[in-house]
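Each remark here refers to the structure printed beneath this line.
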Amino acid sequence: NIRPYLKKVWFSDRIGGCSADVFVLRSKTCEPEFLYNVIASDKFINYVMSGAKGVKMPRGDKNQMESFSFSIPAVVEQRKISRLFQLLDERIVTQNKIIEKLQSLIKGLIDDIITLKCGQLVAFETLYSKAGEGGTPTTSNTEFYDNGSIPFIKIDDLSNKYLSANKDYITELGLKKSSAWLIPTHSIIYSRSSLLTGSAVNLRAENRSPANDLKSCIIFYFIQVRIG
């Protein structure tokens, strides 16, 4: 129940215990698998977050959760829907295993490449033109966030090599009134902390060119293998 936006929802397949930070729900009027899919949905998570208490470590409110309403189809339909989602989940697990193997291969190859003695040794700092920390507009000022159009990247958005989507946006005013700044395309964003509220460092290869695009790629993999 801490930081509900992380969507840590599990359908129990064994008997055990849990901490006081976890809500345990047992279905009474619908199929358990169907209830799981409802709880794991964006609609439910967003509803919980709308009533969450706390800033750095928001917690869902139990009373507010209990007031959430949704449509329940017939039991037969519930089972069909749950079975479809189960098959999709199994496919995702299989694909993730393939991705993990390929990522392991990439890291192994990069590690071998950057340790070869035949190339020219260079200092890491010579590979990029700028390194700077990000900044966060004051969260209590709604003018910095409401109807914002500027993508605002947080550490929990950095899960893949390329950033295809993000959750938060800030306004032009939020950008001007804080230490936040616009990060150019083809930059590398490196998290300096394992915490979601930590800071990130931006690295950018000099100018835009095919050669420097390749340099950015090398920097990315170097950080992953040797620093990440």
Side-chain angles (χ1 to χ4, degrees), residues 1-104 107 136 139-140 145 152-161 163-168 189-200 224 227-228:
N1 186 40
I2 297 177
R3 298 198 298 250
Y5 57 83
L6 293 179
K7 299 181 180 179
K8 299 294 184 180
V9 183
W10 181 53
F11 185 81
S12 175
D13 60 355
R14 70 202 70 177
I15 297 174
C18 64
S19 72
D21 295 322
V22 177
F23 282 145
V24 179
L25 305 178
R26 291 182 60 83
S27 176
K28 293 193 301 184
T29 59
C30 68
E31 290 294 295
E33 293 88 351
F34 184 81
L35 180 60
Y36 162 80
N37 288 305
V38 170
I39 295 173
S41 68
D42 288 341
K43 186 174 182 180
F44 180 79
I45 297 298
N46 292 336
Y47 179 80
V48 173
M49 282 303 300
S50 68
K53 299 176 180 178
V55 179
K56 291 186 177 181
M57 300 285 281
R59 292 171 178 265
D61 181 80
K62 181 181 178 182
N63 293 328
Q64 193 233 10
M65 289 183 192
E66 291 175 345
S67 64
F68 181 75
S69 59
F70 59 95
S71 299
I72 302 179
V75 173
V76 174
E77 294 300 319
Q78 291 180 39
R79 290 173 180 169
K80 289 181 179 179
I81 293 170
S82 298
R83 178 56 180 162
L84 172 61
F85 289 157
Q86 181 184 3
L87 292 173
L88 292 174
D89 286 338
E90 290 173 356
R91 182 64 182 271
I92 291 172
V93 170
T94 300
Q95 292 299 318
N96 284 338
K97 288 181 179 178
I98 295 173
I99 292 171
E100 287 175 4
K101 289 182 178 179
L102 293 175
Q103 288 176 334
S104 178
K107 290 181 180 180
T136 302
T139 55
S140 60
Y145 294 92
F152 185 67
I153 310 306
K154 294 183 178 179
I155 291 177
D156 54 328
D157 294 320
L158 307 179
S159 57
N160 299 302
K161 178 179 178 181
L163 183 65
S164 58
N166 65 284
K167 306 185 193 75
D168 301 288
I189 302 174
Y190 166 56
S191 167
R192 299 199 311 171
S193 170
S194 60
L195 299 176
L196 294 177
T197 54
S199 59
Q224 263 204 335
I227 303 177

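The first residue of the sequence shown is numbered 1, and numbering continues consecutively from there.
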Show which side-chain atoms of residues 38-45 pair as donor or acceptor with protein atoms under 3.5 Å away, not counting sequence neighbours.
unit_1, atom_1, unit_2, atom_2, d
S41, OG, V38, O, 2.5
S41, OG, F44, N, 3.3
D42, OD1, K7, NZ, 2.1

Taking side chain to side chain contact (heavy atoms under 4.5 Å, CB included) as the test, write out the residues that go with [X], two or more places apart.
X	value
K28	none
I15	none
F11	P32, E33, Y36
S19	D21, V22

Distance check, rounded to the nearest 0.5 Å: [X] atom [atom1] versus [Y] atom [atom2]?
X	Y	atom1	atom2	result
F152	K167	CZ	NZ	12.5 Å
L25	E66	CG	CD	9.0 Å
N166	I153	CG	CD1	4.0 Å
N37	D89	CG	CG	7.0 Å

Using side-chain hydrogen bond (donor to acceptor under 3.5 Å, both in side chains) as the criterion, list what pairs up with [X], not counting sequence neighbours.
X	value
K97	none
D61	K53
K8	none
N63	none

Task: Heavy-atom donor-acceptor pair, S82 side chain to F34 backbone, under 3.5 Å - done: yes
Counting C-beta onward and ignoring hydrogens, is there a side-chain heavy-atom pair between [X] and [Y] closer than 4.5 Å?
X	Y	result
K80	E77	yes
Q103	I99	yes
Q78	I81	no

Task: Nearest non-hydrogen partners of A52 and P58, listed with the distance - done: CB-CB, 4.0 Å
TODO: Sequence neighbours left out, what passes salt bridge (charged side-chain N to carboxylate O under 4.0 Å, His left out) with D168? Give chain and number order.
DONE: K154
Task: Residue list, salt bridge (charged side-chain N to carboxylate O under 4.0 Å, His left out) with R79, at least two apart or on another chain - done: E31
Show me the donor-acceptor pairs within less than 3.5 Å that the side chains of residues 67-75 make with the rest of the protein, sequence neighbours left out.
unit_1, atom_1, unit_2, atom_2, d
S67, OG, Y47, OH, 2.5
S67, OG, Q64, O, 2.6

